[in-house]
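Below is one structure, written out as structure tokens; the observations come after it.
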Amino acid sequence: MASITTQQNVRVEDNSQLKVNFEGGEAVFDLNTVLGNNNGRFSWGDGGYLESAQEFRFSVEGDGIPVLRAQLRNADGEWVESDVNLDERIKFQDNQLVFV
């Protein structure tokens with residue numbers, strides 16, 4: 001399995017659609033199916049973060065680290081800055097993006 005940033009044009013569209021281009025096509029993965037909101041912090045496995053998030057930003061940082069940032073609502077109803085390294089659990093394998 002390879003890092004998603006080994007592919008071309010890594011991006012997040014519509015706040016949850018992780019997309020990469022590779023030789024011969026494009027791979028798409030819906031982050032909302034595996035990323036949740038746990039009291040204002042991104043959490044893996046839960047899903048559904050879009051329901052309580054705003055101000056989305058995506059960038060590839062440092063040595064190719066793909067980071068999604070957003071404000072997530074916590075239990076008190078406050079908006080909290082949160083970020084997640086997508087390479088922690090999303091990989092590129094056999095021309096697909098997979099959750100590991």
So CD of Q8 and CZ of F22: to nearest 0.5 Å the spacing works out to 10.5 Å
**T33 and F99, any side-chain heavy atoms less than 4.5 Å apart** = no
Output for pair (M1 CE, Q93 CD), nearest 0.5 Å, gives 4.5 Å
Exercise. Say whether L97 and L50 are linked into one hydrophobic cluster, either directly or through other cluster members, by side-chain heavy-atom distances under 4.5 angstrom.
Key: yes
Value for CZ (F58) from OG (S16), rounded to nearest 0.5 Å, stands at 13.0 Å
### Task
Assess whether atom CG of N9 is packed by more than 12 heavy atoms of other residues, nucleotides or ligands within 6.0 Å.
yes
| task | Compare all side-chain heavy atoms of L18 with those of V10 and state whether any distance is below 4.5 angstrom. | result | yes
Interatomic distance, OG1@T6 vs NZ@K91, rounded to 0.5 Å, equals 9.5 Å
Using the rule that Ile, Leu, Val, Met, Phe, Trp and Tyr join whenever any side-chain heavy atoms are under 4.5 Å apart, tell me whether V84 and V34 fall into a single cluster. yes
Checklist entry - Side chain of N32, backbone of Y49: donor and acceptor closer than 3.5 Å? => result yes
Do L68 and W79 sit in the same hydrophobic cluster, where Ile, Leu, Val, Met, Phe, Trp and Tyr count as joined when their side-chain heavy atoms come under 4.5 Å apart? no
Note: A27 and F92 closest approach over all heavy atoms is CB-CE1, 4.2 Å
Rounding to 0.5 Å, atoms CD1 (I65) and OG1 (T5) come to a distance of 8.5 Å
Between G40 and S82 the two heavy atoms that sit nearest each other are O-CB, 3.5 Å
Between the CG atom in N15 and the CD atom in Q54, the distance rounded to the nearest 0.5 Å is 11.0 Å
Between the main-chain N or O of E61 and the side-chain N or O of S59, is there a donor-acceptor pair closer than 3.5 Å?
no
Any side-chain to backbone donor/acceptor pair from N37 onto N74? Under 3.5 Å, distance only. no
Q) Within the side chain of N39, is there an N or O that forms a donor-acceptor pair under 3.5 Å with the backbone of A75? A) yes
L72 and R41 have their tightest heavy-atom pair at CD1-C, 3.5 Å
- [ ] Begin from the C-alpha positions of D46 and S43 and carry the test side-chain hydrogen bond (donor to acceptor under 3.5 Å, both in side chains) through to its verdict.
- [x] CA-CA 7 Å; D46 300 337; S43 59; 2.5 Å; yes
Side chains of Q17 and D30: does their closest heavy-atom pair fall under 4.5 Å?
-> yes
Donor-acceptor contact below 3.5 Å, side chain R73 vs main chain E78 = no
Enclosure of E13 CD (heavy-atom neighbours >12, cutoff 6.0 Å): yes
| message | Please tell me whether L35 and F56 are part of a single hydrophobic cluster in this structure, the criterion being side-chain heavy atoms less than 4.5 Å apart. | response | yes
**Q.** Contact check, side chains of I90 and W44, non-hydrogen atoms, under 4.5 Å
**A.** yes
If hydrophobic clusters are built from ILVMFWY residues whose side chains come within less than 4.5 Å, do F29 and V60 share one?
yes
